Amino acid sequence: MRALARACDAALAQFANVPQTWLPNPGGQPLAESTTMLRDISTCDVSLTDADHVTHWNNMTLGFLAHGQSAPVHLGKLLEAAPGFAMAHAAKGLFSLLMGKRELVSVAQEALSTAQTALKQGGATERERLWVAALDGWLQGYPRLAIARMEDALRLNPADTLSMKLSHAVRFVLGDNIGMRRSIEAVMPAQGPDHPLHGYALGCLAFALEETGEYAAAEHAGRRGLDYATDDAWGLHAVAHVCDMTHRTRDGIALIEANASAWDHCNNFRFHVWWHKALLHLDEGDTDRVLALYDEKIRAEKTDDFRDLSNASSLLVRLELEGTDVGHRWSELAELSEARMNDGCLVFADLHYMLALSGDKRNDAVARMTARVAQSATQSGDMASVMADPGLLAARGLSAFGEAQYGQAFENLRAAQPKFQTMGGSHAQRDVFERITIEAGLRAGRLNETESLLLARTSLRAGKPDAFAQSRMAQIAEARGLHVGLAAE
């Protein structure tokens with residue numbers, strides 16, 4: 001493995017040393033004044049003047065695209081070696097904001113200040129200035145401004161895979177599946193098979209296609225991407241999404257088991273892949289296997305990363321909705337979630353914290369969490385808008401569901417449901433809220449409305465009812481039969 005890493009470093013260093021005039025110009029933009037300006041692996045000019053520094057940048061890019069553990073290591077090396085490279089500071093700030101932790105906002109603010117100081121020294125490319133502007137926009141409360149600046153960078157050079165991936169990532173946080181697909185499709189011609197990062201671009205395309213319901217095309221792109229980038233965890237997981245959404249459980253399990261090299265190198269994203277595997281086993285009714293995956297893989301590390309807590313809390317909810325006793329497992333999630341309940345960075349994270357608090361019957365904490373969401377909804381910015389609608393309705397619905405007030409829960413969740421998409425994440429991740437809404441409707445006796453929700457959910461899943469849909473439709477039929485029987489008596 002170390003030998004391979006050294007070989008990659010050498011290859012990237014060689015790429016960085018090639019003068020600009022020897023490299024393709026996929027964006028069709030005029031070449032910069034200096035014909036010796038270096039380019040990175042995304043085929044973009046960089047103001048770095050040392051090939052070793054470009055190698056650090058390229059390795060960071062590869063790590064970020066592959067969701068690898070090495071990305072922050074290489075970024076740290078670059079920041080130490082080239083403290084005047086504004087784009088690296090912007091990357092640190094933007095990556096910090098993607099983590100959704102309140103304490104990392106100050107890290108992002110410091111990164112912005114340092115980046116702006118570096119820009120004043122001159123020499124930065126337009127792309128580098130755009131990245132700093134993206135960080136500034138997000139810190140003002142508008143991640144959509146960050147997306148706009150990434151799209152500006154892609155107009156400069158549509159072969160810029162790094163800017164494409166960041167636009168993709170922020171759109172994911174905002175639940176912008178349509179924009180995600182539009183963005184990647186626009187630049188794919190410039191990121192074809194000859195591009196060194198083609199496989200990762202295909203992985204992003206696969207996920208965007210899956211989230212917009214093009215399941216066959218998504219699977220083709222994801223599997224093809226793995227041929228070019230065997231460590232593309234994002235593309236692999238896009239295909240796992242397809243298997244989940246089309247009720248092909250065995251195919252999904254086999255895919256994950258056969259492609260360990262695509263995700264076992266990952267940062268905590270590997271826990272998310274295990275989560276996908278657990279969902280597939282749950283759809284097969286194998287709850288023992290699901291609990292084993294939870295204990296041995298998904299919560300192997302007791303982190304407070306909102307993505308890890310989201311995996312865990314949503315899985316425990318699914319298990320409980322199927323009548324499985326999850327034992328003591330809520331306790332550690334609730335403890336960590338209560339410590340994070342004042343973050344208020346992402347609605348998606350906040351609602352998963354609520355799941356953990358409710359699961360552990362911490363009703364007072366749930367009430368405080370709901371009040372904090374209401375307070376956040378009064379502020380300005382993109383996230384505050386989502387906090388206001390549908391976040392607050394969803395929070396109130398989850399609170400009521402935890403207290404067995406199913407009619408009130410259904411009223412709130414049903415009102416929020418049309419905008420669940422805007423809370424961010426994927427269809428598979430948000431499905432936990434769909435399930436709770438449906439369960440609340442069933443328990444409240446709102447059979448017609450619940451049936452409509454189930455039918456819409458199945459339609460989204462290529463018309464393939466999964467085990468959850470089948471069991472709940474059976475419950476509705478049974479409840480109606482019982483009602484008719486009682487009326488006849």
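Model, not experiment: these values are computed from the prediction.
Atom CD of residue Glu214 and atom CG of residue Leu205 lie 10.5 Å apart, to the nearest 0.5 angstrom. The CG atom of Leu65 lies 8.5 Å from the CE atom of Met60; values are rounded to the nearest 0.5 Å. Of the inter-residue distances, the one linking Asp251 atom CG with Thr246 atom OG1 reads 7.5 Å to the nearest 0.5 angstrom. Arg368 contributes atom CZ, which lies 8.0 Å from atom CG of Asn342 (distance to the nearest 0.5 angstrom). Here CG of Asn157 is found 4.0 Å from OG1 of Thr43. Values are rounded to the nearest 0.5 Å. In this structure, CG in Leu166 is found 10.0 Å from CG in Asp160, a value given to the nearest 0.5 Å.
Between the side chains of Trp330 and Ser358, not a single donor N or O lies within less than 3.5 Å of an accepting N or O. Defined by atom type and a distance below 3.5 Å, a donor-acceptor pair is present between the side-chain atoms of Glu284 and Thr249. One side chain, Thr303 or Asp308, offers a donor N or O that lies under 3.5 Å from an acceptor on the other. Side-chain contact check for Asn311 and His272: at least one donor-acceptor pair (N or O, by modelled atom type) lies under 3.5 Å.
The shortest heavy-atom contact between Asp283 and Ala467 is OD1-N, 2.9 Å. Nearest heavy atoms, Ser167 versus Glu151: OG-OE2, 2.7 Å. Across Lys361 and Gly402, no two heavy atoms sit closer than the pair NZ-O, 4.2 Å. The two residues Leu139 and Ala108 have their closest heavy-atom pair at CD1-O, 3.7 Å. Shown here for Gly391 and Leu351, the closest heavy-atom pair between the two residues is O-CD2, 4.0 Å. What you find for Gly100 and Asp343 is that their closest heavy atoms are O-OD2, 3.6 Å.
One finds a salt bridge joining Glu335 and Arg362 here, because a Lys/Arg side-chain nitrogen approaches an Asp/Glu carboxylate oxygen to under 4.0 Å. No salt bridge links Glu451 with Arg446; every basic N to acidic carboxylate O contact stays at or beyond 4.0 Å. Taking 4.0 Å as the cut-off between side-chain N and carboxylate O, Arg171 and Asp176 count as a salt-bridged pair. Taking a cutoff of 4.0 Å between a charged side-chain nitrogen and a carboxylate oxygen, Arg340 and Asp350 do not qualify as a salt bridge. A salt bridge links Arg461 to Asp244: one of the charged nitrogens lies within less than 4.0 Å of a carboxylate oxygen. Taking the charged nitrogens against the carboxylate oxygens, Arg443 and Glu439 do have a contact shorter than 4.0 Å, which makes a salt bridge.
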Determine, stepwise, if the pair His427 / Arg430 fulfils side chain to side chain donor-acceptor pair (under 3.5 Å). CA-CA 5 Å; His427 291 309; Arg430 290 187 304 274; 3.0 Å; yes

Starting from the C-alpha separation in whole Å, work towards a yes-or-no answer on side chain to side chain donor-acceptor pair (under 3.5 Å) for Ser310 and Trp275. CA-CA 10 Å; Ser310 299; Trp275 177 80; over 6 Å; no

Worked check of salt bridge (charged side-chain N to carboxylate O under 4.0 Å, His left out) between Lys302 and Glu332: CA-CA 8 Å; Lys302 303 296 191 287; Glu332 67 101 2; 5.0 Å; no

When you look at Glu219 and Arg248, which way does the salt bridge (charged side-chain N to carboxylate O under 4.0 Å, His left out) test go after all the steps? CA-CA 12 Å; Glu219 181 166 359; Arg248 291 163 47 209; 2.8 Å; yes

Step by step, would you call Asn259 with Arg223 a side chain to side chain donor-acceptor pair (under 3.5 Å)? CA-CA 10 Å; Asn259 290 276; Arg223 290 185 182 275; over 6 Å; no

Kindly indicate, with the supporting measurements, whether the criterion side chain to side chain donor-acceptor pair (under 3.5 Å) is fulfilled by Thr287 and Glu322. CA-CA 9 Å; Thr287 56; Glu322 299 310 312; over 6 Å; no

Under the criterion salt bridge (charged side-chain N to carboxylate O under 4.0 Å, His left out), I'd like the reasoning laid out for Arg396 against Glu411: C-alpha separation, chi angles, the key distance, then a yes or no. CA-CA 10 Å; Arg396 288 170 174 164; Glu411 288 292 338; over 6 Å; no

ring-ring contact (aromatic ring centres under 6.0 Å, His included) assessment of Phe64 paired with Phe95: CA-CA 9 Å; Phe64 179 59; Phe95 297 166; 4.5 Å; yes

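Between Asn268 and Glu301 the shortest side-chain heavy-atom distance does not fall below 4.5 Å. Proximity of Ser261 to Asp231: side-chain heavy atoms (C-beta onward) are nowhere separated by under 4.5 Å. Between Ile436 and Leu398 the shortest side-chain heavy-atom distance falls below 4.5 Å. With a 4.5 Å cut-off on side-chain heavy atoms, Phe410 and Leu453 count as touching. Side-chain atoms of Leu336 and Tyr353, non-hydrogen and from C-beta on, never get closer than 4.5 Å to each other.
Within the structure, side chain to side chain donor-acceptor pair (under 3.5 Å) pairs that include any residue of residues 91-101 comprise Lys101-Asp304 (at least two apart or interchain).
In this structure, Tyr294 has no ring pair (Phe, Tyr, Trp, His ring centres under 6.0 Å) partners at least two apart in sequence or on a different chain.
In this structure a side-chain-to-backbone donor-acceptor pair under 3.5 Å is missing from Ser399 to Ala395. Counting only distance, with no hydrogens or angles, the side chain of Thr212 and the backbone of Ala208 share a donor-acceptor pair below 3.5 Å. In this structure, the side chain of Gln429 engages the main chain of Ser426 through a donor-acceptor pair within 3.5 Å. The backbone N or O of Cys266 sits less than 3.5 Å from a side-chain atom of Arg270, completing a donor-acceptor pair. The backbone N or O of Pro465 sits less than 3.5 Å from a side-chain atom of Gln470, completing a donor-acceptor pair. Between the side chain of Asp431 and the backbone N or O of Glu434, no donor-acceptor pair lies under 3.5 Å. Although no hydrogens or angles enter the test, the distance criterion places no donor-acceptor pair under 3.5 Å between the side chain of Trp138 and the main chain of Ala134. Side-chain N or O atoms of Gln379 include none that pairs as donor or acceptor with a backbone N or O of Ala384 at under 3.5 Å. His198 contributes a side-chain N or O that, together with a main-chain N or O of Gly192, makes up a donor-acceptor pair within less than 3.5 Å. Looking only at distances, a side-chain donor or acceptor of Thr422 sits under 3.5 Å from a matching main-chain atom of Lys419.
A cation-pi contact, defined as under 6.0 Å to the ring centre and within 45° of the axis, links Arg435 to Phe468.
Annotation: His265, atom NE2; neighbour count of heavy atoms from other residues, nucleotides and ligands within 6.0 Å is above 12. Remark: Lys464 NZ is loosely packed, at most 12 non-hydrogen atoms of other residues, nucleotides or ligands lying under 6.0 Å away.
Aromatic pair Phe207/Phe172: ring centres closer than 6.0 Å. In this structure, His276 has its ring center at least 6.0 angstrom away from the ring center of Phe271. Aromatic rings from His352 and Phe348 are positioned such that their centres are separated by under 6.0 Å.
Taking the six-membered ring where the residue is Trp, Phe269 and Trp234 present tilted rings, their angle falling between 30° and 60°.
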